[in-house]
Protein chains: 2
Amino acid sequence: MSPVTLKSIAKATGYSITTVSRALGGHTDVNEETRRRILQVAQEMGYQPNLVARQLRSQRTYTIGLISPSYMYSHEDDFFALLIKGIGRAAARHQYDLLLSSHLHGDDEMDAYRRIVGGNRVDGVIVARTYRDDPRIAYLKSLNHPFVVSGRNAPGLPNDFPFIDADSQLGIHMMVSHIVSQGYREIGLILPPDDLAFTGYRLAGYRDGLAEAGIDYHDEYVIYGDLTLESGYQAAKTLLARAPQLTAIIAANDLMALGAMRAVQEQGFHVGHDFAIGGFDNIPAGQHTSPSLTTVSQPIIEIGERLAEMLFQIIEGETPADNGLLIEPTLVIRASTNHAHNQP
Amino acid sequence: MSPVTLKSIAKATGYSITTVSRALGGHTDVNEETRRRILQVAQEMGYQPNLVARQLRSQRTYTIGLISPSYMYSHEDDFFALLIKGIGRAAARHQYDLLLSSHLHGDDEMDAYRRIVGGNRVDGVIVARTYRDDPRIAYLKSLNHPFVVSGRNAPGLPNDFPFIDADSQLGIHMMVSHIVSQGYREIGLILPPDDLAFTGYRLAGYRDGLAEAGIDYHDEYVIYGDLTLESGYQAAKTLLARAPQLTAIIAANDLMALGAMRAVQEQGFHVGHDFAIGGFDNIPAGQHTSPSLTTVSQPIIEIGERLAEMLFQIIEGETPADNGLLIEPTLVIRASTNHAHNQP
DNA sequence: GTTGACACCCAAAACGTTTTCAGTTATAAA
DNA sequence: TTTATAACTGAAAACGTTTTGGGTGTCAAC
C-alpha cells in the first residue's frame with residue numbers, strides 16, 4: 001500500500017539500498033545474478049523511481065520550461081500552440097518534459113521566471129515573444145542559466161544570446177515586392193505594438209521593399225495594432241480614412257490582416273482585384289477565407305523543434321553550431337493579392 | 001555565486017535553518033524583529049526556495065500533468081491547444097503549473113503515465129481523448145491518484161470517475177434535425193475511429209435524429225475516418241461512390257467536414273444549395289471557408305478550465321459538486337447547410 | 001522561590017534518491 | 001603462504017526543504 005521505494009526493495013531482497021540503486025541504474029559493479037533478482041522484485045512490486053527525489057539529488061530535472069501569459073496560445077494566436085507542438089516533439093525524442101507555467105495577465109512575468117528558474121524546476125527555458133532589451137533575457141544571462149530565445153532583440157541592439165528567428169524583414173520585403181509586382185503602389189502597413197522586438201524588422205522590411213520599387217515612404221500609411229483581428233479591422237478603417245488613395249494593406253500578422261480584409265471589403269473594395277491584403281504567419285484560417293490570404297510563412301513548429309534541440313545542447317554543455325539562427329520565411333501567394341488565384 | 005539556500009541565510013543572519021524557514025514561511029512563533037531581519041537578508045541575497053526540495057519534503061508538487069501524443073494539439077487538431085489554454089488559465093489562478101509530457105507516436109502511453117504519476121511529479125492528471133474502457137483511467141483508479149477526464153466511457157459502459165464531456169449525442173442529433181429541416185433527407189455520416197469513446201455517441205445521435213424525422217437508417221451511409229482533413233476527403237468520395245443519392249454529409253469533426261466539403265465540391269455539388277455539410281468542433285477555420293461551415297460547438301476552453309478546477313478540488317480532498325458533467329453543445333448554423341447564409 | 005504560561009528558538013529527522021568511499025571476499029600472482 | 005587485484009557490496013553523506021519535539025529564558029502569579 002505504501003509507496004514502493006528503493007528501501008522497500010532493499011528490504012525485500014536483502015540487499016542494501018546502494019546495491020538496489022546501482023542494479024536498477026545499470027551500473028557494472030553489481031553481480032549479474034543479483035541484478036536479475038533485484039530487477040525482478042522491483043518489477044513485481046511495481047517500482048517507479050521518485051523523480052522528485054532523483055531531481056533533488058542529481059540537480060537535473062530533465063525538464064524545460066516555457067512561461068507564457070495565460071491569454072496567449074489560443075485560437076486567437078496559434079503561435080504558442082505551434083511552438084509548443086514543435087518543442088513537445090523534440091522533447092519527446094530527448095526524453096525531456098515540458099513545464100508550462102502560465103501567469104495571470106496582470107502579474108509580473110519576471111516573478112514567474114524567478115520562481116521556476118531560481119526554484120530549480122527546469123534545466124533550461126525557452127523565452128518567446130521578445131521585447132526590446134528583454135529583461136527576462138538579462139535575468140537568465142545574469143544567472144548563467146541555460147536558455148534559448150524565440151525571436152531576438154530589436155534592430156540595432158545586440159543579440160548576445162542563442163536565438164532562432166524568422167527573417168521577418170526579408171519576409172515583409174518580399175511581400176511588398178510581390179504586391180508592387182501586382183500593380184499596387186499605395187501600400188499601408190499595420191504594425192504590432194512598438195515594444196515587441198520584431199516590430200522594427202517588419203517596418204524595416206516595408207521600407208526596404210518600397211525603396212527597391214522606388215516608392216516614397218509616407219508616415220501616415222503606417223499604423224500600430226495589437227495583433228488581434230479586431231485591432232486590424234480598426235486600424236484598416238483608420239488607415240483608409242486617413243489615406244483613401246490606398247490600394248493595399250500589409251499587416252504584421254494574419255489575424256490583423258483578416259480584420260483589415262473585413263474592413264476593406266465593407267468599404268466596397270473587391271479584395272484581390274482592386275485591393276491587395278497581405279498577412280504574416282500563415283495561420284490555417286487564411287487558406288479558407290474568401291479571398292484566401294497571401295501571407296508570409298515561418299515554420300513555427302520547426303523553429304520550436306530546433307529551439308528545443310539547441311537548448312538540449314546547451315544544457316548538456318555543448319556549444320550549439322548555430323548560436324543565432326535567422327530562418328528565411330517563404331511567401332505564400334493566394335487570392336488576396338493575385339487575380340489568377342481568384343476563380344479556381 | 002553558489003546558490004543561496006536556507007543554510008546560507010541562516011549563516012548570514014546567525015539564526016538556525018529552522019528559524020529562517022519558519023520566518024519565511026510566515027509562521028507565528030518567530031519574533032517580528034527577527035523575521036524582518038531574515039526577510040531583508042533573504043531579499044538582499046536573492047533567495048528563491050528550491051521547489052524540488054520543497055516538493056520532496058512536503059510531497060506536494062503544485063503541478064498537474066497532461067500527457068499527450070506528440071503529434072496532437074496542432075493546427076490539425078485545435079482541441080489540445082484549446083484545452084491547454086483553459087487548463088493554463090485555471091492553473092494560473094490557483095498557482096499551479098502544468099507539466100506537459102509528450103511521448104513519441106510509437107511509445108506506450110501507459111509508460112508515460114507510470115513515469116509521471118508513479119514518479120510523483122504531479123499532484124493530479126487530466127486524461128484527454130478517452131478510449132473505450134480506457135486503461136489509463138483504470139491505472140489511475142487503481143493508484144487512487146487524483147485525476148479528471150475530458151470525455152467519458154463509450155455508451156453503455158460505466159463512468160465511475162470524474163469527467164466533463166460534451167453531449168455529442170445531442171449535438172449530432174441537433175445537426176441532423178437542422179439538416180432535415182433544410183430539406184435534405186439522404187444524409188451520410190463520417191465517424192472517428194471506433195476505439196475512441198465518443199464515436200458511439202456520435203453514431204447514436206445520428207440515429208436519434210433520423211428516427212425523429214422518420215428516416216430509415218442505412219449502414220452504407222456510415223463510414224469511418226481518422227479525424228484528419230485528408231481522411232474526410234477520402235471518406236466523402238467513398239461515400240458518394242457508394243451512395244450517389246446522398247445530399248448531405250455530417251462529419252464527426254470539422255477537419256473531416258472540410259475534407260468532405262472539398263470532395264463534394266469536386267463532384268460538382270454546390271454546397272449550401274444542393275448539398276449540406278455539417279461538422280463538429282467549431283474550429284476557427286470553419287468561419288472562413290466558402291461556404292462557411294455549420295458545426296456543433298463545444299466550449300473547449302471552458303471545459304479545460306472546469307476540468308482543472310475540478311481536479312484542484314479533488315487534490316485538496318474536497319468532493320467536487322459535479323462528479324460527471326455533460327455539457328450541452330450548441331449548433332452553429334452557417335452557410336454550408338443554409339441558403340440564407342450564402343449571400344451576405 | 002517555585003510554578004506555569006508564554007514567546008522564541010534550534011537540533012535532528014524526514015522526504016527518496018545517487019554517489020563516494022571503504023569494506024569484504026575470492027581469485028590470481030608472487 | 002602471502003599479497004595484490006578484481007569483483008562485489010554497503011554505510012553514510014548529500015541534495016534543500018519542512019516539521020517534530022523539545023529547549024531556554026522571561027515574566028506573572030501564587
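Note that the structure is predicted; figures quoted are calculated from it, not measured.
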Checking all strands, does A:Thr18 fall into the base, sugar-phosphate, or nothing category for heavy-atom contacts under 4.0 angstrom?
base

Honestly, is A:Arg152 close enough over A:Phe198, meaning NZ or CZ under 6.0 Å from the six-membered ring centre and within 45° of the axis?
no

Answer yes when B:Asp97 and A:Arg115 have at least one side-chain N-carboxylate O distance shorter than 4.0 Å, and no when they do not.
yes

Which residue pairs pass the ring-ring contact (aromatic ring centres under 6.0 Å, His included) test with at least one member in residues 5-63 of chain B, sequence neighbours excluded?
B:Tyr62-B:Tyr96

Is a salt bridge present between B:Lys85 and B:Glu305, judged by a nitrogen-to-oxygen distance below 4.0 Å?
no

Hey, can you pull the donor-acceptor pairs under 3.5 Å for the side chains in residues 48-55 of chain B, sequence neighbours left out?
unit_1: B:Gln48; atom_1: NE2; unit_2: A:Arg114; atom_2: O; d: 3.3
unit_1: B:Asn50; atom_1: OD1; unit_2: B:Val52; atom_2: N; d: 2.9
unit_1: B:Asn50; atom_1: OD1; unit_2: B:Ala53; atom_2: N; d: 2.9

Residue pairs fulfilling salt bridge (Lys or Arg N to Asp or Glu O under 4.0 Å) with at least one residue in residues 3-16 of chain A, sequence neighbours excluded
none

Counted 5' to 3', the first and last nucleotides of DNA chain D within 4.0 Å (strictly under) of a heavy-atom of chain B are D:dG16 to D:dT20

Sort me out a list of protein N/O and nucleotides 7-9 of chain C N/O pairs below 3.5 Å, or just none if empty.
unit_1: C:dC8; atom_1: OP1; unit_2: B:Asn31; atom_2: ND2; d: 3.1
unit_1: C:dC9; atom_1: OP2; unit_2: B:Asn31; atom_2: N; d: 3.0
unit_1: C:dC9; atom_1: OP2; unit_2: B:Thr34; atom_2: OG1; d: 3.1

For A:Lys141, does its backbone N or O pair with a side-chain atom of A:Asn144 as donor and acceptor, under 3.5 Å?
no

Let me spell it out: for each of A:Ile17 and B:Gln59, pick the nucleotide of DNA chain C with the closest heavy atom. Which residue's pick is nearer the 5' end?
B:Gln59

Could I get the full list of salt bridge (Lys or Arg N to Asp or Glu O under 4.0 Å) partners for A:Arg57, not counting sequence neighbours?
none

So which one's nearest nucleotide on DNA chain D is more toward 5', B:Thr5 or A:Gly14?
A:Gly14

